[in-house]
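A, B, ... follow the sequence lines: proteins, then strands. Residue 1 opens every chain.
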There are 2 protein chains.
Amino acid sequence: MYKKPIIRLSRYKNALYRFKSLGLVRIFSDNLADAVGATAVQVRKDFSFFGITGNKRGGYLIEDLLSKVNEILGKDKITKVIVVGAGHLGSALMNYKGFPQLGIQIAAGFDIDPVKINRKAPIPIFPLDELRDFIRTHTIKVAVIAVPDIAAQQVFNIMISEGITGIVNFAPLRLKTDKKCAVHNVNLGLELETIIYFANALEKENHEDGHFKS
Amino acid sequence: MYKKPIIRLSRYKNALYRFKSLGLVRIFSDNLADAVGATAVQVRKDFSFFGITGNKRGGYLIEDLLSKVNEILGKDKITKVIVVGAGHLGSALMNYKGFPQLGIQIAAGFDIDPVKINRKAPIPIFPLDELRDFIRTHTIKVAVIAVPDIAAQQVFNIMISEGITGIVNFAPLRLKTDKKCAVHNVNLGLELETIIYFANALEKENHEDGHFKS
DNA sequence: TAAATTTTGTTATTTTTTTCACATAAAATA
DNA sequence: TATTTTATGTGAAAAAAATAACAAAATTTA
Ligand SMILES: NC(=O)c1ccc[n+]([C@@H]2O[C@H](COP(=O)([O-])OP(=O)(O)OC[C@H]3O[C@@H](n4cnc5c(N)ncnc54)[C@H](O)[C@@H]3O)[C@@H](O)[C@H]2O)c1
Ligand SMILES: NC(=O)c1ccc[n+]([C@@H]2O[C@H](COP(=O)([O-])OP(=O)(O)OC[C@H]3O[C@@H](n4cnc5c(N)ncnc54)[C@H](O)[C@@H]3O)[C@@H](O)[C@H]2O)c1
């Protein structure tokens, strides 16, 4: 299914914009590798996989590369996204200034708590009741779930029944994908747990033999 | 290096606690598979990989399984974690109520902005100047970076030089791992971009042939 | 102009991860 | 007690991802 290469492609794209904003015109596979934490071969392998080619010894023209990568990623238009749950995490996302340059526009937030509602905010927050209608009238296709775990399934069901095709879920439970919708479960607690595991492993290694494995 | 099985092990553990809190005593591989979005074979394969065994036809005793999994994950003690950058994302993390039950204690936050400092809060927020000392005196080994990208490298360098062995970095740039420290780069913008890609792909599929691939 | 160098692009190999197939033990049923 | 059913456990195969090896083009240097 080749998921990793696609994720890296987005990384390359973001790195390319950074290089471009630095005034660069040409780029080499090892610069990109450095920027995204891959190897140069991997970068070229990925490009090869997607049919992207550069110039032997001349590297890649950033502009060319960007247009090819953006085409593959479908980054020609900006994507409207909604956030359901305007709590800590939801507001962090709604306040994040970096989305426009990723072609992402947070169109609205939704919450069940009346005090969170604010129809006049730059990114308005509507009551949950209006979620269905909003998705329909604004043809929203991508949504974020940032509600407590107990509420996540309910919100998910609404989204699915309204034809949402992509969801990032932050609630710490697994929402099952029906084939019509891609779901990405992001579990921040788990990210921390995982790094704690590897941190402990490194600690142990350090103490046990005083040097590090390659 | 077998990274995926370890990540799933943490997922199993969390699911097991949920099952346990529901009053269950015994569990089957397909229940666990369901809970974490894996297959039953995969669950058993993972267990087999870590030398965990159950009872043929009888499934697994949750209590036994938990103690074995926790032992492998080194989950006997609670881990102190610090958060550098007390902005939107940093405060979301510091306010999250779910960490204690994951054995995670957010010990303190740090920020460069004087208005964010609050030494008396339940989770105190200290000035960046005190980061070094705090890591040392509290023997902190795991940290979160939630500062803007331009500040991330600076913060990272301090952490590395003070012997931090695990970092979750939310700034959208790649922090390079030196062998002594495990770094996990979490890029929330990228998570959204990735799901947008797959959402678009599904959209296209729907329109092109009016039915779904298996 | 010839040789050396640099960097891409591709094929082959290895490692990691997932899936498949099925033997085996325990429990339930006949 | 014999048979069937239900789950586990693992070896083999397949798929995905990462790494290695190296040929070929473009450029630089001698
Ligand atoms: N904040 C973190 O660092 C963190 C870490 C790990 C996991 N999570 C998970 O992310 C999710 C959001 O976390 P948070 O810290 O923002 O929580 P939060 O409590 O701050 O916010 C949740 C928001 O959802 C709203 N809500 C509740 N039910 C709703 C419903 N049915 N429809 C719409 N809105 C509803 C609440 O009113 C609240 O505003 C939770 O599932 C949490 O477990 C958060
Ligand atoms: N909020 C999101 O949804 C989101 C999404 C994608 C990526 N990110 C990334 O996560 C990081 C944090 O995002 P945020 O929304 O919380 O940003 P924010 O601006 O709300 O918070 C950043 C905090 O870091 C502090 N800070 C700045 N320099 C510092 C330094 N040198 N040492 C200590 N503290 C310092 C600031 O005072 C501020 O309080 C950023 O790198 C951002 O790009 C956030």
With a 4.0 Å cut-off on heavy atoms, is G58(B) in touch with a base, just the backbone sugar-phosphate, or nothing at all? nothing
- Task: Before giving the answer on side-chain hydrogen bond (donor to acceptor under 3.5 Å, both in side chains), spell out for D46(B) and Q42(B) the whole-Å C-alpha distance, their side-chain angles and the decisive distance to 0.1 Å.
- Result: CA-CA 6 Å; D46(B) 286 341; Q42(B) 202 168 36; 5.7 Å; no
So D30(A), base contact, sugar-phosphate only, or nothing? Heavy-atom distance under 4.0 Å. nothing
Only residue of K141(B), K77(B), K180(B) satisfying salt bridge (Lys or Arg N to Asp or Glu O under 4.0 Å) with E203(A) is K141(B)
**Report entry** Test side-chain contact (heavy atoms from CB on, under 4.5 Å) applied to L192(A) and L102(B), step by step
**Finding:** CA-CA 9 Å; L192(A) 254 175; L102(B) 299 177; over 6 Å; no
Discussion item. dG9(D), OP1 or OP2 - any side-chain N/O from K45(B) closer than 4.0 Å?
Written reply: no
ask   = Is it true that a side-chain atom of D111(A) and a backbone atom of A86(A) form a donor plus acceptor pair closer than 3.5 Å?
value = yes
Worksheet entry | S29(A) side-chain N/O to dT8(C) phosphate OP1/OP2 under 4.0 Å | yes
Ignoring hydrogens and geometry beyond distance, is the side chain of R57(B) in donor-acceptor contact with the base of dT5(D) at under 3.5 Å? yes
- Task: Give G54(A) one of three labels, base, sugar-phosphate or nothing, depending on what nucleic acid heavy atoms sit under 4.0 Å from its own.
- Result: sugar-phosphate
_Heavy atoms only, 4.0 Å cut-off, all strands: where does F47(A) land among base, sugar-phosphate and nothing?_
nothing
Here the distance between atom P of dT6(D) and atom CG of N31(B), to the nearest Å, is 15 Å
Looking for any heavy atom pair under 4.0 Å, which part of the strands does R26(B) touch: base, sugar-phosphate only, or nothing?
nothing
From CG of D64(B) across to P of dT8(D) the rounded distance in Å is 14 Å
When rounded to whole Å, the CZ to P distance for the pair F50(A) and dT8(C) reads 18 Å
Discussion item. At less than 4.0 Å, is any side-chain N or O atom of Y2(B) found next to OP1 or OP2 of dA17(D)? Yes or no.
Written reply: no
Side-chain touch K80(A)/T139(A), heavy atoms, less than 4.5 angstrom
yes
F28(B) atom CZ is separated from dT6(D) atom C1', nearest whole Å, by 9 Å
Using a cut-off of less than 4.0 Å, is there contact between a side-chain N or O of R44(B) and OP1 or OP2 of dG11(D)? no
When rounded to whole Å, the OH to P distance for the pair Y12(B) and dT8(D) reads 12 Å
To the nearest angstrom, the CD-C1' distance between Q42(B) and dT10(D) comes to 15 Å
message: Measuring to OP1 and OP2 of dG9(C), would you say a side-chain N or O of S48(A) lies under 4.0 angstrom away?
response: no
When rounded to whole Å, the NZ to P distance for the pair K4(A) and dT17(C) reads 8 Å
note: L65(B), atom CG; dA7(D), atom P; distance rounded to Å ~ 16 Å
Comparing K3(A) with K56(A), nearest DNA chain D nucleotide closer to 5' gives the residue K3(A)
